[in-house]
2 protein chains.
Amino acid sequence: MALRRSAEAGETRSSILDVSERLVQTRGFNGFSYADVAAELGITKAALHYHFPGKSELGNALIVRYADRFNDALVGIDAQGGTAPAKLRAYADLYQGVLRDERMCLCGMLAAEYQTLPVPMRQSVVRFFDDNHTWLARLLKAGRSEGTLHFSGTAHEAAQMIVGALEGAMLVARSYGDADRFEVVATRLVDELAASRPVTRRRA
Amino acid sequence: MALRRSAEAGETRSSILDVSERLVQTRGFNGFSYADVAAELGITKAALHYHFPGKSELGNALIVRYADRFNDALVGIDAQGGTAPAKLRAYADLYQGVLRDERMCLCGMLAAEYQTLPVPMRQSVVRFFDDNHTWLARLLKAGRSEGTLHFSGTAHEAAQMIVGALEGAMLVARSYGDADRFEVVATRLVDELAASRPVTRRRA
DNA sequence: GTCTATAACGAGATAGAC
DNA sequence: GTCTATCTCGTTATAGAC
């Protein structure tokens with residue numbers, strides 16, 4: 001499809017990852033093929049197999065790169081300072097950016113297909129969620145300490161809820177082709193946590 | 001695989017739906033085949049095509065049956081009375097029951113694969129979510145009126161958040177093979193809404 | 001209603017030339 | 001690094017016998 005300029009320094013490799021990533025995020029790991037990627041890049045399937053021996057290796061490389069990029073974004077949020085609620089909003093905006101591209105979170109998509117994934121990919125997906133939970137729990141603890149975030153139960157539980165709520169909101173919003181649906185939920189979620197209110201209840 | 005007794009009154013048809021439903025909920029619509037279903041039922045693929053001409057028809061029948069069953073459950077919750085928070089908890093328990101079976105919500109799974117689905121299936125998926133939002137919004141409004149549920153914004157927005165949060169919690173919990181993760185989130189969600197607290201904030 | 005048989009296609013993957 | 005050519009298998013689907 002697209003014209004082919006001569007490949008330089010891992011350019012093909014990253015192009016393959018770019019196209020595959022978009023296809024997985026929109027169609028799922030079981031919903032795209034080497035042929036799709038090859039056609040779009042104007043190369044052959046055999047060339048793909050040179051860079052990634054099998055779909056399993058390609059899939060795992062996708063998750064690792066995605067998780068790295070996501071972690072970089074989290075570091076960036078921490079680096080630029082701001083209040084805990086602002087950081088939480090920035091976190092939600094990461095998801096929103098994905099959805100505005102008409103994509104599902106890569107790992108949210110793979111979570112749906114989890115039982116059909118090669119084992120290495122499964123581990124990478126779980127690691128992605130673990131990293132998110134850890135980062136969020138730290139943010140939530142800090143926010144609670146400084147009195148800017150309020151929630152019941154442990155920070156880790158709240159973190160799990162946030163990740164789940166954002167992933168689920170993306171999942172459903174995509175069926176409506178309506179990113180605004182996500183925005184409403186994300187705003188509610190952040191505002192609920194940032195709202196000043198008494199937290200006077202039991203834990204689960 | 002399973003032994004075959006002679007088919008009576010639509011029994012084969014419903015067996016096909018049962019097996020297919022489980023396969024879609026665990027592996028996805030693009031992750032199962034007629035061969036899988038046929039093997040498990042001990043019949044041939046050709047027999048499947050007699051009952052459901054194509055995968056599209058089978059898929060749509062799955063959603064319709066699932067949505068009907070879900071709606072029956074909602075009617076059941078309404079029928080047995082109880083407080084709005086109790087009904088909300090019962091709603092969350094519907095999801096939990098699915099997850100304890102190591103399944104994803106059928107329509108949550110299909111939402112992930114949305115862009116690869118035949119158009120009739122897409123419409124049925126959206127209808128499922130619409131029905132859920134409608135039912136929940138009605139419950140939320142009633143709860144707010146009687147002072148047992150508290151939330152900011154419109155009931156419909158809150159309903160969208162609840163559906164998304166439950167779907168997302170299922171999605172992630174399944175990757176951990178840990179239904180308890182869902183339980184924690186569901187309990188938090190219900191408790192947050194049932195908690196008596198001032199609602200003194202702006203809408204999104 | 002269910003079977004056998006087979007068509008038609010696409011998937012993931014490999015060998016070996018350039 | 002990329003190609004052509006090919007292989008093997010799985011998938012959806014149909015024709016026609018029983």
Side-chain angles (χ1 to χ4, degrees), chain A residues 1-21 23-24 26-63 110 113 115-121, chain B residues 1-24 26-62 110 113 115-121:
Chain A
M1 192 72 86
L3 265 306
R4 208 57 207 128
R5 51 230 178 287
S6 64
E8 304 146 25
E11 192 192 301
T12 301
R13 187 188 152 91
S14 69
S15 297
I16 294 169
L17 289 172
D18 290 342
V19 171
S20 303
E21 183 178 78
L23 289 173
V24 174
T26 50
R27 305 178 51 85
F29 190 70
N30 296 326
F32 90 108
S33 72
Y34 268 40
D36 296 328
V37 181
E40 193 162 336
L41 289 174
I43 58 179
T44 60
K45 289 184 289 172
L48 285 190
H49 281 285
Y50 168 79
H51 293 282
F52 301 96
K55 215 183 171 188
S56 171
E57 287 82 4
L58 171 57
N60 207 49
L62 283 177
I63 308 174
L110 295 175
E113 301 175 292
Q115 299 210 340
T116 70
L117 299 181
V119 171
M121 289 183 64
Chain B
M1 190 73 88
L3 265 306
R4 207 60 208 129
R5 51 232 177 288
S6 64
E8 305 145 24
E11 190 193 304
T12 299
R13 187 188 151 90
S14 68
S15 298
I16 293 169
L17 289 171
D18 290 342
V19 171
S20 303
E21 184 177 78
R22 195 191 70 247
L23 289 173
V24 174
T26 51
R27 306 179 51 85
F29 190 70
N30 296 326
F32 89 106
S33 72
Y34 268 40
D36 297 328
V37 181
E40 194 163 334
L41 289 175
I43 58 179
T44 60
K45 292 180 287 174
L48 286 190
H49 282 285
Y50 168 79
H51 293 281
F52 301 97
K55 216 183 169 186
S56 172
E57 287 82 5
L58 171 55
N60 207 48
L62 284 177
L110 295 175
E113 301 176 291
Q115 299 210 340
T116 71
L117 299 181
V119 171
M121 288 183 65

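Labels below follow one simple rule: chain letters A, B, ... track the order of the sequence lines, proteins then strands, and each chain is numbered from 1.
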Asker: Is the phosphate of D:dT2, meaning OP1 or OP2, less than 4.0 Å from a side-chain N or O of A:Tyr50?
Answerer: no
Asker: Between protein and nucleic acid, restricted to nucleotides 14-18 of chain D and to nitrogen or oxygen atoms under 3.5 Å apart, what atom pairs and distances do you find?
Answerer:
none

Asker: What donor-acceptor contacts under 3.5 angstrom involve side-chain atoms of residues 28-39 of chain A, with partners at least two apart or in another chain?
Answerer:
residue	atom	partner	partner atom	Å
A:Asn30	ND2	A:Thr116	OG1	2.9
A:Ser33	OG	A:Ala35	N	3.3
A:Ser33	OG	A:Asp36	N	3.2
A:Ser33	OG	A:Asp36	OD2	3.3
A:Tyr34	OH	A:Phe52	O	2.9
A:Tyr34	OH	A:Gly54	O	3.0
A:Tyr34	OH	A:Lys55	N	3.4
A:Asp36	OD2	A:Ser33	N	2.9

Asker: What's the angle between the local helix axes at either end of the helix from C:dG1-D:dC18 to C:dC18-D:dG1, using five pairs per end and rounding to 10 degrees?
Answerer: 10°
Asker: Rounded at 0.5 Å granularity, tell me how far OG in A:Ser15 sits from CD in A:Glu40.
Answerer: 10.5 Å
Asker: Can you find a side chain N or O atom of A:Ser33 that sits less than 4.0 Å from OP1 or OP2 on C:dA11?
Answerer: yes
Asker: Rounded to the nearest Å, what distance is computed from the CZ atom of residue B:Arg13 to the P atom of nucleotide C:dT2?
Answerer: 13 Å
Asker: Counting side-chain heavy atoms from C-beta on, which of D:dT2, C:dC3, C:dG1 comes nearest to A:His51?
Answerer: D:dT2
Asker: Nearest-Å distance, CZ (B:Phe52) to P (C:dG1)?
Answerer: 12 Å
Asker: Under 4.0 Å, counting only non-hydrogen atoms across every strand here, what does A:Phe32 touch: a base, just sugar-phosphate, or nothing?
Answerer: sugar-phosphate
Asker: Pull out every residue in residues 54-61 of chain B that has a heavy atom closer than 4.0 Å to any atom of DNA chain C, ordered by number, or say none.
Answerer: none
Asker: Quick one: is D:dG1 close enough that its OP1 or OP2 comes under 4.0 Å of any side-chain N or O from A:Thr12?
Answerer: no
Asker: Have a look at B:Leu62 and tell me which of B:Ile16, B:Leu17, B:Leu23, B:Asp18 forms a side chain to side chain contact (heavy atoms under 4.5 Å, CB included) with it.
Answerer: B:Leu17
Asker: How close or far is atom C1' of D:dT2 from atom CD1 of A:Ile16, stated in whole angstroms?
Answerer: 11 Å
Asker: Take atom CG of B:Asn30 and atom C1' of D:dG10, then tell me their distance rounded to the nearest Å.
Answerer: 14 Å
Asker: What pairs with A:Pro53 under side-chain contact (heavy atoms from CB on, under 4.5 Å), at least two apart in sequence or on another chain?
Answerer: A:Glu57
Asker: Once side-chain contact (heavy atoms from CB on, under 4.5 Å) is applied, do any residues pair with A:Gln115, and if so which ones, sequence neighbours excluded?
Answerer: B:Thr26, B:Arg174
Asker: Output yes when at least one side-chain N/O atom of A:Thr44 is less than 4.0 Å from OP1 or OP2 of D:dT2, else no.
Answerer: no
Asker: To the nearest angstrom, how far is A:Leu48 atom CG from C:dA11 atom P?
Answerer: 12 Å
Asker: Among D:dT12, C:dC3, D:dC3, find the nucleotide with the atom closest to the side chain of B:Tyr34.
Answerer: D:dT12
Asker: Is the shortest side-chain heavy-atom distance between B:Glu113 and B:Met121 below 4.5 Å?
Answerer: no
